[in-house]
Amino acid sequence: MKKFHIHTFGCQMNMHDSEKIAGVFTEAGYCETNGIDDADVIVLNTCSIREKAEQKFFSELGRLARAKKKNPDLKIAVAGCIARQRGKDLFRRFPYVDFVFGPNNIDNLQTWAKGGNFKTAIEDNPVYYTQKLPVKRAGRVRAWVSIMYGCDNFCAYCVVPYTRGRERSRPAEDIYDEIKTIADEGFREITLLGQNVNSYGRKLPGECDFPELLRRIHDIDGIERIRFVTSHPRDFSEKLIKAMRDLPKVCEHLHLPLQSGSDRILHLMNRGYTYEDYKNKIDNLRNSINDIAITTDIIVGFPGETEDDFKQTVTALTEIGFDGIFAFKYSRRPGTKALDLPGHVDEKVKSQRLSMVLELQESITYSRNKSLEGKVYEVLVEGESATDGDRLTGRTRTNKIVNFYGEQGLTGSLVDVKILEAKQHSLYGELAQSRG
Ligand code: SAH
Ligand code: SF4
Ligand code: F3S
């Protein structure tokens with residue numbers, strides 16, 4: 001039996017794409033291996049969101065040159081966002097790469113795995129959103145479901161519209177059927193995936209919008225929790241807040257990337273909202289849904305960001321009090337508008353700003369987590385904790401990780417856990433009572 005190995009870089013969308021790549025290989029009779037030494041084919045599923053992500057991939061690909069020397073029959077494929085952006089260029093720099101396919105061309109791999117051949121498949125695939133690929137899911141409790149592909153927003157710093165192509169929504173019926181199958185397989189939680197889920201259905205004539213999609217899938221038995229990423233603040237609507245409030249399975253967590261607290265920078269970024277718009281939406285959300293957790297993404301050192309602009313980001317973080325943030329130094333990306341903007345910020349200044357933001361957020365996250373001590377929360381048990389010996393691990397509806405002692409058999413069930421101690425990145429608790 002031939003063996004495949006996949007190394008995934010990047011976001012949840014890429015991780016889910018890897019599940020499709022694994023599904024395609026499995027369907028063609030391959031089995032998965034964790035090592036590179038016994039693999040017949042290795043796929044690097046790549047990310048190009050920041051320079052660092054790209055560098056990680058290049059060093060991994062460099063490592064594979066040795067593997068190929070040892071085993072000349074080994075096939076090496078590059079998939080994902082770098083594949084789409086660089087295409088044939090990759091063969092020039094890395095002649096030992098066998099084939100390259102983009103995020104919307106996983107169907108080409110189907111042909112390859114069944115004995116066909118191709119070198120490069122990165123062209124736009126306008127029917128990708130209707131295609132149903134086999135999926136080999138990584139977990140047993142939580143599953144990802146793509147509801148749309150691509151992005152039309154062209155934020156000035158971002159490569160995604162170039163690597164994932166135009167925004168296209170999947171038909172609601174296909175999404176419904178996939179979730180039904182997932183529920184029948186025993187999964188309890190789904191995360192709906194799209195670069196901008198709030199604009200779901202907008203370009204599909206006669207299709208429902210995102211709040212309506214949530215309502216439709218809500219009746220699927222077996223699924224206990226529904227999450228979604230990512231929301232765009234510009235398109236985050238009152239209607240969606242109402243749906244989140246009214247639908248019990250939709251979890252009390254929202255990831256809403258702010259990027260900057262300065263209106264001037266938000267404008268340069270082409271984000272389409274002001275800080276005040278953003279803050280009003282958060283206030284409405286918090287008034288409608290008790291104890292909702294809110295997380296965000298922040299970029300520091302975007303071209304032209306002054307000390308004063310940066311201070312406004314710091315003020316925003318203090319005012320809003322996020323449950324957690326992902327913060328990044330602005331990174332120059334080929335083909336994006338921000339490259340040509342004046343006032344690129346010194347690398348040292350970017351690093352200082354990043355440290356300040358992270359330090360501030362650390363204390364905010366810690367005090368928010370601290371406030372949970374002594375309270376009881378519903379946790380969906382995911383299994384044994386990878387980091388914490390014989391404890392089980394799971395998440396609250398607000399997406400906080402909780403570790404606690406309990407029987408392995410609880411995996412996949414909802415239990416009540418009393419929080420005993422809050423740490424920076426996780427909570428420790430004890431089982432209060434099982435609900436099956
Ligand atoms: N579609 C999602 C996720 C985009 S990528 C969204 O719109 O939020 C995830 C995060 O990476 C972005 O929110 C942004 O904060 C960050 N990011 C994207 N491009 C970047 C760049 N060139 N430099 C630094 N951070 C970047
Ligand atoms: Fe990138 Fe903006 Fe699209 Fe998000 S919404 S993927 S940040 S272009
Ligand atoms: Fe995701 Fe990276 Fe592509 S963040 S969309 S894999 S550039």
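One-based numbering, in listed order, for ligands and for the atoms of each.
Ligand 3 lies less than 4.0 angstrom from a heavy atom belonging to Gln195. In this structure, Arg164 falls outside the shell of residues with a heavy atom less than 4.0 angstrom from ligand 2. At least one heavy atom of Lys329 lies less than 4.0 angstrom from ligand 1. Taking 4.0 Å as the cut-off, Met13 does not count as a neighbour of ligand 3 on heavy-atom distance. Under a 4.0 Å heavy-atom criterion, Arg50 is in contact with ligand 1.
Of the protein's heavy atoms, Tyr157 CD1, 3.2 Å lies nearest to atom 19 (N) of ligand 1. At the shortest separation from atom 6 (S) of ligand 2 among protein heavy atoms lies Gln195 OE1, 3.4 Å. Looking only at heavy atoms of the protein, atom 2 (C) of ligand 1 is closest to Gln195 OE1, 3.5 Å. Protein heavy atom at the shortest distance from atom 13 (O) of ligand 1 is Asp297 OD2, 2.6 Å. Nearest protein heavy-atom contact of atom 7 (S) of ligand 2 is Tyr157 OH, 3.4 Å. Taking atom 5 (S) of ligand 2 as the reference point, the nearest protein heavy-atom neighbour is Asn153 ND2, 3.4 Å. The protein heavy atom nearest to atom 5 (S) of ligand 3 is Arg164 NE, 3.2 Å. At the shortest separation from atom 5 (S) of ligand 1 among protein heavy atoms lies Ile49 CD1, 3.5 Å. At the shortest separation from atom 2 (Fe) of ligand 2 among protein heavy atoms lies Cys155 SG, 2.3 Å. In terms of protein heavy-atom proximity, atom 3 (Fe) of ligand 2 is closest to Cys151 SG, 2.3 Å. Remark: minimum distance from atom 8 (O) of ligand 1 to any protein heavy atom is reached at Pro257 CG, 3.0 Å.
Counting heavy atoms only, Ser48 comes closest to atom 7 (S) of ligand 3 of the residues Ser48, Cys151, Ala53.
Remark: ligand 2 atoms within the under-4.0 Å shell around heavy atoms of Phe154 are 8 (S). Near Tyr330, with a cut-off below 4.0 Å to any heavy atom, the atoms of ligand 1 are 23 (N), 24 (C). Those atoms of ligand 2 with a heavy atom of Val160 less than 4.0 angstrom away are 6 (S). Counting atoms of ligand 3 from 1 in the listed order, those under 4.0 Å from a heavy atom of Asn14 are 6 (S). Close contacts of ligand 2 with Cys158, meaning ligand atoms under 4.0 Å from a residue heavy atom, involve 1 (Fe), 6 (S), 7 (S), 8 (S). Listed by atom number, the atoms of ligand 3 under 4.0 Å from Cys81 heavy atoms are 3 (Fe), 5 (S), 6 (S), 7 (S). Close contacts between ligand 2 and Pro161 involve ligand atoms 8 (S) [criterion: under 4.0 Å to a heavy atom].
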task: Dump the intermediate steps for side chain to side chain contact (heavy atoms under 4.5 Å, CB included) on Thr163 and Ser48, then the final yes or no.
output: CA-CA 8 Å; Thr163 65; Ser48 61; 3.7 Å; yes
task: List the steps, then state whether salt bridge (charged side-chain N to carboxylate O under 4.0 Å, His left out) holds for Lys311 with Glu307.
output: CA-CA 6 Å; Lys311 268 192 201 135; Glu307 220 20 76; 5.5 Å; no
field: Lys3 vs Asp38, salt bridge (charged side-chain N to carboxylate O under 4.0 Å, His left out): CA-CA, chis, key distance, verdict
entry: CA-CA 7 Å; Lys3 292 182 182 163; Asp38 59 336; 3.3 Å; yes
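Cation-pi geometry between Arg140 and Phe187 is not met: the NZ or CZ atom fails to fall both under 6.0 Å from the ring centre and inside 45° of the normal. Figure legend: Arg93 and Phe58 shown as a cation-pi pair, the cationic atom lying under 6.0 angstrom from the six-membered ring centre and within 45 degrees of its axis. In this structure, Lys119 satisfies the cation-pi test against Phe91, with its NZ or CZ atom closer than 6.0 Å to the six-membered ring centre and inside 45 degrees of the ring normal.
For the pair Ser331 and ligand 1, the shortest N or O to N or O distance falls below 3.5 Å. Ligand 1 has no nitrogen or oxygen under 3.5 angstrom from a nitrogen or oxygen of Asn196. The shortest N or O to N or O distance between Gln259 and ligand 1 is below 3.5 Å. In terms of polar-atom proximity, defined here as any N/O pair under 3.5 Å, Thr230 makes no such contact with ligand 1.
For the pair Arg215 and Asp209, the salt-bridge criterion is not met [side-chain N within less than 4.0 Å of a carboxylate O]. Electrostatic pairing of Arg234 and Asp277 does not count as a salt bridge here, judged by no charged N lying under 4.0 Å from a carboxylate O. Between Lys350 and Glu305 no salt bridge is recorded (no basic side-chain N to carboxylate O distance below 4.0 Å). Under the 4.0 Å criterion applied to side-chain N and carboxylate O atoms, Glu27 and Lys114 are assigned as salt-bridge partners. Taking a cutoff of 4.0 Å between a charged side-chain nitrogen and a carboxylate oxygen, Arg142 and Glu382 qualify as a salt bridge.
Among Asp177, Asp107, Asp174, the single residue meeting the salt bridge (Lys or Arg N to Asp or Glu O under 4.0 Å) criterion with Lys132 is Asp174.
When heavy-atom distances to ligand 2 are checked against a 4.0 Å cut-off, Arg271 comes that close only through its side chain, counted from C-beta outward.
At least one N/O/S atom of Cys47, whether from backbone or side chain, sits less than 2.8 Å from atom 2 (Fe) of ligand 3. Among the backbone and side-chain atoms of His232, no N/O/S atom is found under 2.8 Å from atom 2 (Fe) of ligand 2. Atom 1 (Fe) of ligand 3 has an N, O or S atom of Cys11 closer than 2.8 Å.
Looking at every heavy atom in both residues, Pro303 comes nearest to Ala338 through CG-O, 3.7 Å. Listed here is the closest heavy atom pair of Asn105 and Glu123: ND2-O, 3.0 Å.
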